[in-house]
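Quick notes on the structure that follows.
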Amino acid sequence: MSARDEGRLPSLSIEGSRATLRLNRPEVMNRVQPEDITEVLRILEQVEADPAVRVLVIASEGRAFSAGAHLGAMAEQAEGRASGDQAQGFESFVDRVEMLRIPTIARLHAGVYGGSTDLALACDFRVGTPAVRMFMPAARIGLHYYESGLRRYVSRLGFNNAKRLFMLAEEQEAEELLRIGYLTDLVAPDELDARIEAIAGRLGELAPLAVQGVKRSINEIGHQALDVAALEARMAGAKASEDLREGLRAFQEKRKPVFQGR
């Protein structure tokens, strides 16, 4: 790859019940360009339509997990040269990741910056190494962050931590990120993939209707937007499912259940 090469579009691989979405712009710190958002949204539709896929890992390689949105595109927005769709693209993309039906894991091997701090936060699990560094630079460049991202920070990390991260724009190290809940797991570099595999494997074994339904309900509660009727419908669906019957049979027979997601 040449020094001028900005990489390529995100890619998808599927192995068993696990899908991996990979950001492919390591030479530019895996920044997210407008065309990447379009491709990720297409990939998410593909993953969600596949009943065999029960967990999505978002990963990358290089000096950073991701440096966030492409600042050149942001400059166009600031000058009024971007369309309304483009200006709203990054927020909609991260919101879509958060509300994906299946669980998600962010594989944080290195630094995470800008809007991609919100991308990782939108995932259900964030597994990182001591090499992880994070900062939200919005105040450094004069940007007021978008509503859903602010809601995610407050609901997941708390009022005071959200204020500190946005208003001071200071870099945070991995130990502090674990303390405030930004990282859900902190492991040695050589244990990163094993830990992600363990989480993904566990999610692949559990009852999909229950896991996916609870994920949706918890996200809605976190945003103070709980649809009670929809929650009750999810509860009823799980109660009437073959998965529940299989789980109860397996418990009685002292064996591992095999869930089909129906």
Side-chain angles (χ1 to χ4, degrees), residues 1-2 5-70 89-90 92-112 115-129 131-132 183-185 187-208 211-212 215 258-261:
M1 180 180 288
S2 72
D5 194 337
E6 294 187 353
R8 56 192 176 87
L9 291 174
S11 58
L12 174 69
S13 61
I14 298 176
E15 183 175 351
S17 64
R18 169 181 167 175
T20 300
L21 188 161
R22 191 169 296 277
L23 304 178
N24 291 317
R25 300 190 188 277
E27 291 295 309
V28 289
M29 299 178 69
N30 293 302
R31 73 186 180 201
V32 179
Q33 302 188 171
E35 61 269 28
D36 296 330
I37 294 173
T38 300
E39 180 62 11
V40 169
L41 292 175
R42 186 197 67 77
I43 287 172
L44 296 181
E45 291 293 330
Q46 177 183 342
V47 166
E48 205 163 50
D50 186 345
V53 175
R54 297 186 182 179
V55 59
L56 174 70
V57 176
I58 302 181
S60 66
E61 302 292 340
R63 292 179 296 145
F65 168 74
S66 178
H70 185 9
F90 196 90
S92 299
F93 147 62
V94 178
D95 290 349
R96 181 70 176 90
V97 170
E98 179 186 30
M99 298 309 292
L100 193 70
R101 175 175 52 80
I102 61 174
T104 51
I105 305 170
R107 179 189 182 276
L108 303 179
H109 71 285
V112 52
S116 286
T117 65
D118 190 31
L119 171 61
L121 198 58
C123 293
D124 300 303
F125 301 90
R126 293 167 296 284
V127 184
T129 75
V132 173
L183 291 179
T184 56
D185 295 75
V187 298
D190 61 356
E191 297 173 359
L192 178 61
D193 288 323
R195 180 55 183 154
I196 289 173
E197 185 61 37
I199 296 173
R202 181 66 172 165
L203 290 168
E205 293 174 351
L206 297 174
V211 169
Q212 294 164 17
K215 168 183 172 166
V258 179
F259 296 113
Q260 301 298 321

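Note that the structure is a prediction, hence the values are computed from the model and not measured. Computed from heavy atoms alone, side chains included, the values below leave out hydrogens, waters and symmetry copies.
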| query | Residues two or more places apart in sequence or in another chain: which of them pass salt bridge (Lys or Arg N to Asp or Glu O under 4.0 Å) with Arg195? | reply | Asp185
| said: Could you work out, with side-chain contact (heavy atoms from CB on, under 4.5 Å) as the rule, every residue matching Val211, not counting sequence neighbours? | reply: Pro103, Leu203, Leu206
| query | What pairs of residues pass the salt bridge (Lys or Arg N to Asp or Glu O under 4.0 Å) test when at least one of them lies in residues 50-65, not counting sequence neighbours? | reply | Arg22-Glu61
| message | I need the Asp36 CG to Leu9 CG distance, nearest 0.5 Å. | response | 5.5 Å
| field | Distance, nearest 0.5 Å, that separates CE of Met99 from NZ of Lys215 | value | 7.5 Å
| message | Using the side chain to side chain donor-acceptor pair (under 3.5 Å) criterion, which residues pair with Asp118? Sequence neighbours excluded. | response | Tyr146, Arg152
| said: Suppose we screen for side-chain contact (heavy atoms from CB on, under 4.5 Å). Which residues come up paired with Pro51, at least two apart in sequence or across chains? | reply: none
| message | Determine whether a donor-acceptor pair (N or O, by modelled atom type, separation under 3.5 Å) exists between the side chain of Ser66 and the backbone of Asn30. | response | yes
| field | Straight-line distance of Leu21 CG to Ile105 CD1, nearest 0.5 Å | value | 13.0 Å
| message | If the threshold is 4.0 Å, N to carboxylate O, is there a salt bridge linking Arg42 and Glu39? | response | yes
| Arg96: salt bridge (Lys or Arg N to Asp or Glu O under 4.0 Å) partners, not counting sequence neighbours | Glu45, Glu48
| field | Partner set under side-chain contact (heavy atoms from CB on, under 4.5 Å) for Thr184, not counting sequence neighbours | value | Phe125, Arg126
| message | Please report the interatomic distance NE2(His109) to CG(Leu192), rounded to the nearest 0.5 Å. | response | 9.0 Å
| message | Glu191: which residues meet the side-chain contact (heavy atoms from CB on, under 4.5 Å) condition with it, sequence neighbours left out? | response | Val187, Ala188
| Which value, rounded to the nearest 0.5 Å, describes the distance between Thr129 atom OG1 and Leu108 atom CG? | 8.5 Å
| Main-chain N/O of Val112 paired with Thr117 side-chain donor or acceptor, under 3.5 Å | no
| said: Taking side chain to side chain donor-acceptor pair (under 3.5 Å) as the definition, give me every residue that meets it alongside Gln33, ordered by chain and number, with sequence neighbours left out. | reply: Arg31, Glu35
